[in-house]
Amino acid sequence: MPRYALLILPAFNRVYGESSIRLTRAELAVFSARALEGEILGSDETRIGGVPYVTFETSQPLSEPDVHLLSNLSSVYAVFGLEGDLLRPLGMRPRDRLSSDLITIQKYAGKTNEHFTKLLLNVTALAGDKGLGDGLQVFDPMCGRGTTLNQALMYGYDAYGLDVDGKDFEAYTGFIKTWLRNKRLKHTAEIVPVRRERALAGRRLNVTFGLSKEAVKAGDVQHLTVVNADTLKSREFFKPRSFDVLATDAPYGVQHGSKGGAGLSRSPLELLAKAVPGWAELLRPGGAMGIAWNTYGGKSEELARILTDAGLQVMDYPDFEHWVDQAIVRDIIVARRPA
Ligand SMILES: C[S@@+](CC[C@H](N)C(=O)[O-])C[C@H]1O[C@@H](n2cnc3c(N)ncnc32)[C@H](O)[C@@H]1O
């Protein structure tokens, strides 16, 4: 059987410590089940030259497209073919099409770890019909300062976000405009008030950009839209069946609070129970919704129920639960809107 080894990013190891190998194996299993041409028959942790690798066997040699797909694993640093005890480097070709500082520059309390954000986006997109294909429309309905949006843009996708926090909206708007300018990317950016029956319902940032003047002329552009409003009003800002992927890191509860929304309780699950039905309508049939949440705020069965009641099919994605800090043990749940 062909054997392979993944070297994990040092930064991923630092954040997840003991969980990093398990999370990588869990993500790898989703890639295998949902996207690879070949099947991964099982993975393991193996020390080679004193360094830990995730090793795995496949039913058939990995094709070039398979290696390219695996280059997008959230923890991967390098992929090797294992030949005896020798490592042969395989040609990585991640989807990334923008400078990596788009994702790393912003630092602030409450930022969702960027590797975790990539993991959530990956496993959610892979549950949908288009997988990690081209041209996805990605929505984060509680986007904070845009970690999911930036990862979606990095992949070449259109990104849509919404957050109730005005400071987050301003910080992200300022950041992305400066970043586009500094990178000399051809773009337009405008902030417009959104009115409903003459009353101000929210603010909206609309950005369009391309990698070069020629690309923009040829229509090869990406769109970014961010709305400052309560997520329970998502339906007022976006049309039904607009998105292929909805991915969000929900408020953690007690410690970080779930802000906004008149009369909302501070329980993240209560917020999700109210928000998920509207979010589900924004998904295209065959699209997928992925939510990261603090398991201290509610059980996975409760969240599964909320998703199922909204007409979604919950995926069997085990082993993503991991310790974040004393108050947070985070997990991921992913569900599909039937095609
Ligand atoms: C865990 S944070 C997400 C952080 C984000 N992924 C980032 O990296 O910046 C949860 C977000 O949910 C937002 N939020 C909480 N309640 C909300 C509501 N009712 N409507 C919209 N956003 C809400 C908070 O403002 C916060 O930005």
Side-chain angles (χ1 to χ4, degrees), residues 72 74 94-118 120-122 124-125 134-194 200-217 219-231 233-234 237-238 242-249 259-260 282 292:
N72 296 304
S74 63
R95 290 197 61 91
D96 303 8
R97 61 182 239 151
L98 301 169
S99 159
S100 64
D101 62 5
L102 170 63
I103 286 167
T104 54
I105 288 177
Q106 288 189 107
K107 305 248 185 289
Y108 50 91
K111 177 173 179 177
T112 307
N113 174 275
E114 49 250 38
H115 302 290
F116 177 72
T117 301
K118 186 170 177 181
L120 177 65
L121 181 62
N122 281 347
T124 306
D134 291 335
L136 300 194
Q137 310 288 305
V138 175
F139 178 45
D140 182 345
M142 296 191 286
C143 64
R145 298 189 190 182
T147 314
T148 312
L149 311 181
N150 292 340
Q151 182 57 53
L153 295 176
M154 178 62 110
Y155 273 171
Y157 299 154
D158 291 332
Y160 302 84
L162 187 147
D163 202 286
V164 73
D165 190 316
K167 285 205 183 99
D168 280 354
F169 178 81
E170 277 145 30
Y172 184 63
T173 301
F175 163 73
I176 199 71
K177 282 179 162 177
T178 308
W179 187 85
L180 288 163
R181 226 179 292 126
N182 289 345
K183 297 292 169 192
R184 298 177 185 279
L185 293 177
K186 180 93 181 133
H187 68 278
T188 58
E190 50 159 21
I191 298 175
V192 291
V194 186
L200 189 68
R203 293 178 286 175
R204 182 197 290 263
L205 165 74
N206 291 320
V207 174
T208 302
F209 69 94
L211 297 188
S212 64
K213 250 188 204 163
E214 296 69 41
V216 173
K217 258 193 200 146
D220 180 10
V221 292
Q222 285 177 255
H223 299 283
L224 164 70
T225 291
V226 186
V227 172
N228 179 206
D230 192 310
T231 199
K233 298 191 174 153
S234 297
F237 298 94
F238 300 103
S242 293
F243 304 121
D244 303 295
V245 171
L246 184 154
T248 200
D249 184 22
K259 301 170 248 175
L282 296 178

Point to revise | Smallest separation among heavy atoms of Ser234 and Pro141, with atom names | key: OG-CB, 4.4 Å

Point to revise | Qualifying residues under salt bridge (charged side-chain N to carboxylate O under 4.0 Å, His left out), relative to Asp249, sequence neighbours excluded | key: none

Review point. Has the side chain of Gln222 got a donor or acceptor atom that lies under 3.5 Å from a matching backbone atom of Tyr157?
Key: yes

Point to revise | Partner set under side-chain hydrogen bond (donor to acceptor under 3.5 Å, both in side chains) for Asp96, not counting sequence neighbours | key: none

Review point. Angle class for the Phe175/Tyr172 ring planes (parallel below 30°, perpendicular above 60°, tilted otherwise)?
Key: tilted

Review point. Side chains of His187 and Ile176: closer than 4.5 Å at any heavy-atom pair?
Key: no

Exercise for review: State, with a plain yes or no, whether a side-chain heavy atom of Thr248 is found less than 4.5 Å away from one of Thr231.
Suggested key: no

Exercise for review: Identify the two heavy atoms, one from Leu136 and one from Ala125, that lie closest to each other, and give their separation to 0.1 Å.
Suggested key: CD1-CB, 4.1 Å

Practice item. Taking side-chain hydrogen bond (donor to acceptor under 3.5 Å, both in side chains) as the test, write out the residues that go with Asn72, two or more places apart. Key: none

Exercise for review: Can you establish whether the number of heavy atoms outside Lys217 located under 6.0 Å from its atom NZ is more than 12?
Suggested key: no

**Study point:** Asp230 and Leu162, any side-chain heavy atoms less than 4.5 Å apart
**Key:** no

Review point. How far apart are the closest heavy atoms of Phe237 and Ala201, and which atoms are they?
Key: CZ-O, 3.7 Å

Study note, to complete from the structure: Residues at least two apart in sequence or cross-chain that pass side chain to side chain contact (heavy atoms under 4.5 Å, CB included) with Ala159, listed by chain then number, are Leu149, Ala152, Leu153, Leu224

Check your understanding: Who passes side chain to side chain contact (heavy atoms under 4.5 Å, CB included) against Asn228, sequence neighbours left out?
Key -> Phe169, Arg203

Check your understanding: Under the ring-ring contact (aromatic ring centres under 6.0 Å, His included) test, which residues partner Phe139, sequence neighbours left out?
Key -> Phe238, Phe243

Review point. Mind checking what makes salt bridge (charged side-chain N to carboxylate O under 4.0 Å, His left out) contact with Lys186, not counting sequence neighbours?
Key: none

Practice item. Check side chain to side chain contact (heavy atoms under 4.5 Å, CB included) between Asp220 and all other residues, then give those that pass, not counting sequence neighbours. Key: Arg97, Ala215

Revision key, fill the gap. Heavy-atom nearest pair, Lys183 first then Ser99, reads NZ-OG, 3.4 Å

Revision key, fill the gap. Output for pair (Lys118 NZ, Thr112 OG1), nearest 0.5 Å, gives 16.0 Å

Review point. Just wondering, more than 12 heavy atoms not from Lys213 lying within 6.0 Å of its NZ?
Key: no

Practice item. Could I get the full list of side chain to side chain contact (heavy atoms under 4.5 Å, CB included) partners for Ser242, not counting sequence neighbours? Key: Lys239

Review point. Under the side-chain hydrogen bond (donor to acceptor under 3.5 Å, both in side chains) test, which residues partner Asn206, sequence neighbours left out?
Key: Glu190, Thr225

Exercise for review: Kindly give the heavy-atom pair with the smallest separation between Gly135 and Asp244, and that separation in Å.
Suggested key: O-OD2, 4.1 Å

Practice item. Quick one: list whatever passes side-chain hydrogen bond (donor to acceptor under 3.5 Å, both in side chains) with Thr148, sequence neighbours left out. Key: Asp140

Check your understanding: Phe116 versus Thr147: any side-chain heavy-atom pair under 4.5 Å?
Key -> no

Practice item. In plain terms, say whether Arg145 and Asp163 are close enough for a salt bridge, that is, a side-chain N and a carboxylate O under 4.0 Å apart. Key: no

Revision key, fill the gap. Across all chains, not counting sequence neighbours, the salt bridge (charged side-chain N to carboxylate O under 4.0 Å, His left out) partners of Lys111 are Glu114

Check your understanding: For the side chain of Asp158 and the backbone of His223, is there at least one donor-acceptor N/O pair under 3.5 Å apart?
Key -> yes

Exercise for review: State the CG-CD distance between Leu98 and Gln151, to the nearest 0.5 angstrom.
Suggested key: 10.0 Å

Review point. Leu205 pairs by side chain to side chain contact (heavy atoms under 4.5 Å, CB included) with which of Ile191, Val227, Val192?
Key: Ile191

Practice item. List the steps and the verdict of side chain to side chain contact (heavy atoms under 4.5 Å, CB included) for Val245 and Leu121. Key: CA-CA 8 Å; Val245 171; Leu121 181 62; 3.9 Å; yes

Review point. Considering only heavy atoms from C-beta outward, does the side chain of Trp179 approach that of Asn150 to under 4.5 Å?
Key: no

Review point. At their closest point, which heavy atom of Ser100 faces which heavy atom of Met154, and how far apart are they?
Key: CA-CE, 3.5 Å

